[in-house]
Amino acid sequence: MADCRKLRTQVGIVGAGPAGLILSHLLHLQGVGSIVIESQTRRHLEERIRAGVLEQGTVDLLNEAGVGGRMRREGLVHHGIELRFNRRGHRIDMHELTGGRAITVYAQQEVVKDLIDARLQVGGEIFFEAVQAAIQDFEGESPRIRFQHAGEEYEIACDFIGGCDGFHGICRHAIPAGALRCFEKVYPFGWLGILAEAAPASRELIYSHHERGFALLSMRTPQISRVYLQCRPDEDLAAWPDGRIWEEFARRFETVDGFRLNEGPILQKGVTAMRSFVAEPMQYGRLFLAGDAAHIVPPTGAKGLNLAAADARILSRAVADWYRAGATGLLERYSEICLRRVWRAQHFSWWMTSMLHRFDGDDGFDYRRQLAELDHVITSRTAAASLAENYTGLPFDLPGERL
Ligand code: RFL
Ligand code: PHB
């Protein structure tokens with residue numbers, strides 16, 4: 001290998017998912033430079049099918065950051081969701097219950113595309129296909145990131161590292177054992193998800209509780225449905241030919257008045273295991289973890305991408321304050337501020353998951369308890385408002401956050 005190429009920036013960022021890209025973009029808007037390294041190709045990131053629901057606060061953030069143009073044109077604004085159980089649907093009017101908040105359905109890979117474009121347009125540096133990444137010396141004041149790219153060895157010297165490399169990345173694992181406390185809950189089920197060329201049979205998302213297991217009807221565009229069903233965590237996709245998938249969906253979304261899903265060619269299929277995970281604190285020295293690198297939620301609350309955006313917002317502000325005024329206050333409180341929101345989202349995601357899924361060994365008690373809870377949510381304005389407030393997202397400026 002030839003000599004090591006030495007680069008210098010203010011913030012070195014590992015990972016070009018939503019957390020890393022939003023961080024890099026917000027830092028740029030505040031006059032702080034960064035370099036992003038990413039192990040995958042640009043194309044892979046722009047095609048990877050993941051989240052779809054953006055909270056009001058995430059939408060506002062992307063708009064304020066000047067990257068919301070296409071989202072405003074192509075995103076689908078939803079004012080409510082449906083909870084379906086006992087073969088009947090019940091609408092939760094989130095807009096009315098929250099005083100005007102909404103969610104926007106806009107695919108994660110579209111957010112990623114918009115952010116990559118915005119970074120590259122102003123000369124932002126992203127190294128795609130960067131392999132063998134390692135982070136060093138972040139306990140002190142001169143952290144470094146080493147990696148290989150196109151057969152060359154690189155080293156980035158920086159003041160801070162943004163560990164935005166997702167749940168399986170290297171940054172969290174680089175923190176010495178004993179400095180982190182990890183909390184984890186693994187659920188005994190997964191989601192089998194499909195993307196299909198079929199008009200969604202409902203204008204809004206349907207969260208369906210069913211004795212055979214949970215199912216969710218979502219969408220990406222007025223022509224493309226995204227549908228999930230609860231399955232085993234290690235479910236074998238080979239056992240799910242398209243016909244069986246549509247049959248199972250038909251059962252789980254069935255209503256007394258004959259609801260029918262629209263079927264169409266299945267474009268993609270996948271199984272996701274479900275877990276809750278939090279690493280505390282989200283900082284070690286000059287290394288700051290953001291997004292899935294620090295926490296994972298089960299997707300039932302649609303919170304993962306939104307938490308990543310919230311972390312990136314707070315971190316960018318904390319770092320910018322440090323460069324502007326030498327202020328360390330927000331940097332020191334980064335973890336505490338983020339974790340408050342993270343645990344709120346953990347509770348909400350766990351609550352939605354346990355209210356809607358079928359648990360093995362359920363003897364009927366839990367099934368009836370779930371129905372009682374769902375009944376409460378649709379009959380009590382207070383309970384419905386709590387769901388709506390959490391689902392559309394708590395405002396960024398939590399009491400005491402003073403941002
Ligand atoms: P990401 O998106 O995983 O990005 C991390 C990036 O780091 C790169 N990387 C490395 N790069 C360089 N060197 C290394 N050693 C590296 N190791 C890793 C990876 O290639 C990757 O590009 O994390 P980030 O940025 O924190 O973003 C988090 C979100 O992606 C995630 O929380 C959401 O997708 C979760 N999620 C949902 N969130 C929502 O807010 N709303 C939803 O509706 C929603 N639905 C979902 C979801 C996640 C799902 N799956 C597949 C887990 C639905 C599903 C099915
Ligand atoms: C999605 O559209 O992918 C989606 C929507 C809502 C969720 C999870 C995933 O709760």
Side-chain angles (χ1 to χ4, degrees), residues 12-24 36-42 44-46 48-55 57-58 76 78 81 103-109 111-112 115-116 126-135 145-149 162-174 190-195 200 204-207 214 216-221 224-228 268-275 277 289-312 342 345 348-349 352-353 356 391 393:
I13 299 176
V14 186
L21 291 168
I22 295 174
L23 176 62
S24 178
V36 181
I37 67 158
E38 164 60 51
S39 54
Q40 301 288 340
T41 63
R42 177 175 180 180
H44 177 86
L45 300 187
E46 295 186 342
R48 183 163 61 187
I49 295 168
R50 298 184 84 179
V53 171
L54 306 182
E55 290 177 355
T58 306
L76 308 170
H78 286 195
I81 56 167
I103 53 129
T104 296
V105 175
Y106 187 63
Q108 176 166 326
Q109 75 270 23
V111 174
V112 163
L115 286 161
I116 292 176
I126 308 175
F127 285 88
F128 296 103
E129 298 175 78
V131 295
Q132 303 287 332
I135 58 173
I145 303 176
R146 295 183 71 101
F147 62 99
Q148 290 170 17
H149 180 257
C164 304
D165 50 349
F167 186 65
H168 300 287
I170 52 144
C171 289
R172 189 179 68 252
H173 298 289
W191 280 12
L192 190 162
I194 64 151
L195 195 69
E204 295 179 337
L205 272 61
I206 303 176
Y207 286 80
F214 170 71
L216 169 63
L217 171 62
S218 181
M219 62 205 68
R220 286 295 176 268
T221 69
I224 304 278
S225 298
R226 177 85 170 133
V227 204
Y228 298 97
Q268 191 259 359
K269 282 183 210 176
V271 172
T272 313
M274 307 228 326
R275 76 168 86 220
F277 174 88
L289 302 176
D292 279 14
H295 40 72
I296 297 278
V297 284
T300 331
K303 287 282 165 263
L305 166 58
N306 296 291
L307 286 176
D311 291 351
V342 166
F348 177 66
S349 306
M352 288 282 280
T353 302
L356 288 163
Y391 194 84

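Nothing here was measured: the structure is a model prediction, and the numbers come from that model. Each ligand, and each atom within it, is numbered from 1 in the order the structure gives.
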* Taking all non-hydrogen atoms of both residues, which atom of L23 and which atom of G162 are closest, and how far apart? -> CD2-CA, 4.2 Å
* **D165 (side chain) donor-acceptor with C171 (main chain) under 3.5 angstrom** => yes
* To do: Identify, by atom number and element, the atoms of ligand 1 in contact range of K303, meaning under 4.0 Å from any of its heavy atoms.
  => 39 (C), 40 (O)
* To do: Using a distance threshold of 4.0 Å (strictly less than), state whether atom 42 (C) of ligand 1 has a protein heavy-atom neighbour.
  => yes
* **Minimum side-chain heavy-atom gap I126-R42 below 4.5 Å** => no
Are any protein N/O atoms closer than 3.5 Å to the N/O atoms of ligand 2? If there are, list each pair with names and the distance to one decimal place.
unit_1	atom_1	unit_2	atom_2	d
ligand 2	2 (O)	S218	OG	2.6
ligand 2	2 (O)	R220	NH1	2.8
ligand 2	2 (O)	R220	NH2	3.4
ligand 2	3 (O)	R220	NH2	2.8
ligand 2	3 (O)	Y228	OH	2.6
ligand 2	10 (O)	Y207	OH	2.7
ligand 2	10 (O)	P299	O	2.8
ligand 2	10 (O)	T300	O	3.4

* Which heavy atom in W191 sits nearest to a heavy atom in F214, and how many Å separate them? -> CZ2-CE2, 3.4 Å
* To do: Of the side chain and backbone of S218, name the one, both, or neither that has a heavy atom under 4.0 Å from an atom of ligand 1.
  => neither
* Applying side chain to side chain contact (heavy atoms under 4.5 Å, CB included), run through R146 and Q132 and close with a yes or a no. => CA-CA 8 Å; R146 295 183 71 101; Q132 303 287 332; over 6 Å; no
* Any idea which protein heavy atom is nearest atom 4 (O) of ligand 1, and the distance to it? -> G17 CA, 3.4 Å
* To do: Give the residue and atom name of whichever protein heavy atom lies nearest to atom 33 (C) of ligand 1, and the separation in Å to one decimal.
  => Q108 OE1, 3.4 Å
* Kindly indicate, with the supporting measurements, whether the criterion side chain to side chain contact (heavy atoms under 4.5 Å, CB included) is fulfilled by L216 and L356. => CA-CA 10 Å; L216 169 63; L356 288 163; over 6 Å; no
* Got T300 and M274 here, is their nearest side-chain heavy-atom distance under 4.5 Å? -> yes
* Before signing off on this row, confirm whether R50 and ligand 1 have an N or O atom pair separated by under 3.5 Å. => yes
* **Non-hydrogen atom of E55 closer than 4.0 Å to ligand 1** => no
* Structure fact -> So for R48 against ligand 1, with non-hydrogen atoms under 4.0 Å, the contacting part is side chain
* Would you sort out whether R50 and L305 count as a side chain to side chain contact (heavy atoms under 4.5 Å, CB included), showing the intermediate values? => CA-CA 9 Å; R50 298 184 84 179; L305 166 58; over 6 Å; no
* Structure fact -> Heavy-atom closest pair (V111 atom, L54 atom, distance to 0.1 Å) is CG2-CD1, 4.1 Å
* Structure fact -> Ranking G20, A51, G169, A309 by closest non-hydrogen atom to atom 44 (C) of ligand 1, top hit is A51
* **Closest approach of any protein heavy atom to atom 35 (C) of ligand 1, naming residue and atom** => G304 CA, 3.9 Å
* To the nearest 0.1 Å, how far is atom 25 (O) of ligand 1 from its closest protein heavy atom, and which atom is that? -> A19 N, 2.9 Å
* Classify the contact between T272 and ligand 1 as side chain, backbone, both or neither, using a heavy-atom distance cut-off of under 4.0 Å. => side chain
* Right, does atom 28 (C) of ligand 1 have protein non-hydrogen atoms nearer than 4.0 Å? -> yes
* Asked: Relative to atom 15 (N) of ligand 1, which among L205, I170, D292 owns the nearest non-hydrogen atom?
  -> I170
* Looking at ligand 1, does P18 have a heavy atom less than 4.0 Å from it? -> yes
* Please work out whether any backbone atom (N, CA, C, O) or any side-chain heavy atom from C-beta onward of Y228 is under 4.0 Å from ligand 1, and answer side chain, backbone, both or neither. => side chain
* Would you say E46 and Q40 make side-chain contact, with heavy atoms under 4.5 Å? -> no
* Asked: To the nearest 0.1 Å, how far is atom 18 (C) of ligand 1 from its closest protein heavy atom, and which atom is that?
  -> D165 O, 3.1 Å
* So, does F167 sit close enough to ligand 1 that a heavy atom of it is under 4.0 Å from the ligand? -> no
* Got M219 and H78 here, is their nearest side-chain heavy-atom distance under 4.5 Å? -> yes
* Asked: Which of the atoms in ligand 1, numbered in the order shown and given with their element, are less than 4.0 Å from a heavy-atom of A302?
  -> 39 (C), 40 (O), 41 (N), 42 (C), 43 (O)
* To do: Could you pull out the closest heavy-atom pair between A293 and R172, with the gap in Å?
  => O-NH1, 2.7 Å
* Taking all non-hydrogen atoms of both residues into account, name the closest pair between I22 and A309 and its distance. => CD1-CB, 3.7 Å
* Which residues pass the ring pair (Phe, Tyr, Trp, His ring centres under 6.0 Å) test with F147, sequence neighbours left out? -> F127, Y154
* **Side chain, backbone, both or neither: the part of L45 lying under 4.0 Å from ligand 1 by heavy atom** => side chain
* Asked: Which of the atoms in ligand 1, numbered in the order shown and given with their element, are less than 4.0 Å from a heavy-atom of G166?
  -> 3 (O), 5 (C), 23 (O)
* To do: Would you sort out whether L45 and F128 count as a side chain to side chain contact (heavy atoms under 4.5 Å, CB included), showing the intermediate values?
  => CA-CA 10 Å; L45 300 187; F128 296 103; 3.9 Å; yes
* Asked: Which protein non-hydrogen atom lies closest to atom 16 (C) of ligand 1, naming both residue and atom, and how far is it?
  -> S39 OG, 3.7 Å
* What protein heavy atom sits nearest atom 6 (C) of ligand 1, and how far off is it? -> E38 OE1, 3.6 Å
* Structure fact -> Looking only at heavy atoms, the pair that brings F167 and H173 closest together is O-NE2, 4.4 Å
* **Top protein contact for atom 38 (N) of ligand 1, by heavy-atom distance** => L305 N, 3.0 Å
